Undergrad: 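Below is the structure I would like to discuss, written out as structure tokens.
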Amino acid sequence: MGEDTVGEGTVERTDGRDPEAVSRFVEHFAAQLVEAGMPRMPSRVFAALLASDTGALTSADLGEQLRISPAAVSGAVRYLSQVHMVSREREPGSRRERYRVHSDQWYEALTNREAIIKRWEDALREGVSSLGAHTPAGARLSETLAFFEFIEKDVAGMMERWRTYREERFGR
């Protein structure tokens, strides 16, 4: 039977997994996220949640597992919430919050990026208009705008294909 790891408020079943192997995965995956541009602490917290069987841990659980301060957990969770990669929920019968990663976190994060891309497109259009489309700067902005418009169309189609694929493969 699996070993119980008890943090403040959450029991995490390891079911025979080597805690060191889990820790190695968390740090390795977090390093990959950092390489891609995500801040270090949010990367570590996200990887820990992803590696958790329940997909949800309290601040105390995260602090204990990652050996980080409550303030570091709080800052990381705030960042991850803003980019829609985790959600906060109350533990039943408690005032304590736990943080959850969902199976659609990549979809949500990418969808959020789509809104950001639209704002960038609006700003670029204004820049082209202000600087003049035929100036070197205006031409550069026009090309950047065209890139984001191209990506936006592709992302929308890709997300639709993902929903179909996910339904077929995972029944969700």
Side-chain angles (χ1 to χ4, degrees), residues 1-118 120 151-152 154-172:
M1 191 57 124
E3 169 187 334
D4 290 342
T5 333
V6 181
E8 196 177 309
T10 302
V11 176
E12 178 67 13
R13 302 278 305 166
T14 59
D15 289 327
R17 293 186 303 173
D18 175 9
E20 287 301 314
V22 172
S23 181
R24 279 191 306 275
F25 164 76
V26 166
E27 296 305 327
H28 177 74
F29 189 63
Q32 301 309 306
L33 294 172
V34 168
E35 273 295 306
M38 184 185 278
R40 183 173 182 269
M41 214 46 75
S43 296
R44 293 182 71 215
V45 167
F46 180 74
L49 287 167
L50 201 58
S52 162
D53 283 342
T54 61
L57 297 169
T58 65
S59 179
D61 293 331
L62 287 162
E64 182 180 320
Q65 179 180 341
L66 299 172
R67 296 182 179 97
I68 59 177
S69 71
V73 172
S74 177
V77 168
R78 184 173 37 257
Y79 174 89
L80 293 167
S81 294
Q82 288 172 345
V83 296
H84 306 282
M85 293 181 76
V86 301
S87 62
R88 297 171 191 248
E89 57 188 40
R90 290 262 184 230
E91 282 194 349
S94 171
R95 292 187 335 181
R96 189 176 343 218
E97 287 185 330
R98 62 181 165 202
Y99 309 104
R100 177 173 300 282
V101 65
H102 297 280
S103 59
D104 62 352
Q105 77 272 356
W106 301 112
Y107 174 83
E108 290 298 324
L110 198 52
T111 300
N112 185 51
R113 294 289 186 249
E114 194 175 1
I116 292 169
I117 289 172
K118 283 190 177 299
W120 290 348
I151 293 297
E152 182 185 4
D154 208 34
V155 166
M158 183 175 53
M159 296 315 294
E160 185 56 41
R161 289 189 307 277
W162 164 247
R163 284 189 290 274
T164 301
Y165 177 79
R166 180 179 172 189
E167 175 66 32
E168 290 169 358
R169 181 151 183 202
F170 300 103
R172 295 188 217 160

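Quick caveat: nothing in here was measured; it's all calculated off a predicted structure.
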Undergrad: Between Arg98 and Glu89, is there a donor-acceptor pair closer than 3.5 Å when you use the side chain of the first and the backbone of the second?
TA: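 No.
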Undergrad: Working to the nearest 0.5 Å, report the span between CZ of Phe46 and CG of Leu33.
TA: 7.0 Å
Undergrad: By the definition side-chain contact (heavy atoms from CB on, under 4.5 Å), identify the one residue from Met159, Arg163, Met158 that meets it with Arg161.
TA: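 Result for side-chain contact (heavy atoms from CB on, under 4.5 Å) with Arg161: Met158.
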Undergrad: Return the minimal non-hydrogen interatomic distance between Phe25 and Ala47, and the atom names on each side.
TA: CE2-O, 4.2 Å
Undergrad: Just one of Leu66, Val86, Leu50 clears the side-chain contact (heavy atoms from CB on, under 4.5 Å) bar with Val45, so which one?
TA: Leu66
Undergrad: Does the Ser23 side chain pair with the main chain of Pro19, one donor and one acceptor, at a distance under 3.5 Å?
TA: no
Undergrad: Find the distance between CD (Glu27) and OG (Ser43) and round it off to the nearest 0.5 Å.
TA: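 Reported value, rounded in 0.5 Å steps: 10.0 Å.
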Undergrad: If you round to the nearest 0.5 Å, how far is CG of Asp18 from CZ of Arg24?
TA: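 The CG atom of Asp18 is 6.0 Å from CZ of Arg24, to the nearest 0.5 Å.
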Undergrad: What's the shortest heavy-atom distance between Leu57 and Ala48, and which atoms?
TA: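 Looking at all heavy atoms of both residues, the closest pair is CD1-O, 4.1 Å.
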Undergrad: Could you please spell out the steps behind the side chain to side chain contact (heavy atoms under 4.5 Å, CB included) verdict for Arg96 and Arg90?
TA: CA-CA 6 Å; Arg96 189 176 343 218; Arg90 290 262 184 230; over 6 Å; no
Undergrad: Would you confirm whether Asp61, through its side chain, and Thr58, through its main-chain N or O, come within 3.5 Å as a donor-acceptor pair?
TA: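 Yes, the answer is positive, given that a donor and an acceptor are paired below the 3.5 Å cut-off.
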Undergrad: Compare all side-chain heavy atoms of Gln65 with those of Val26 and state whether any distance is below 4.5 angstrom.
TA: yes
Undergrad: Between CD of Glu64 and CG of Leu62, what distance do you get to the nearest 0.5 Å?
TA: 10.0 Å
Undergrad: What is the distance from atom OG of Ser59 to atom CZ of Arg88, rounded to the nearest 0.5 Å?
TA: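 Rounded to the nearest 0.5 Å, the OG-CZ separation comes out at 9.5 Å.
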Undergrad: Indicate the ring-plane relationship of Trp162 and Tyr165, choosing parallel, tilted or perpendicular according to the 30° and 60° boundaries.
TA: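 The rings of Trp162 and Tyr165 sit tilted, inter-plane angle from 30° to 60°.
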Undergrad: Roughly how far apart are Arg44 CZ and Met38 CE, rounded to 0.5 Å?
TA: 14.0 Å
Undergrad: Can you give me the closest heavy-atom contact between Ala51 and Val22, atom names plus distance?
TA: CB-CG1, 4.2 Å
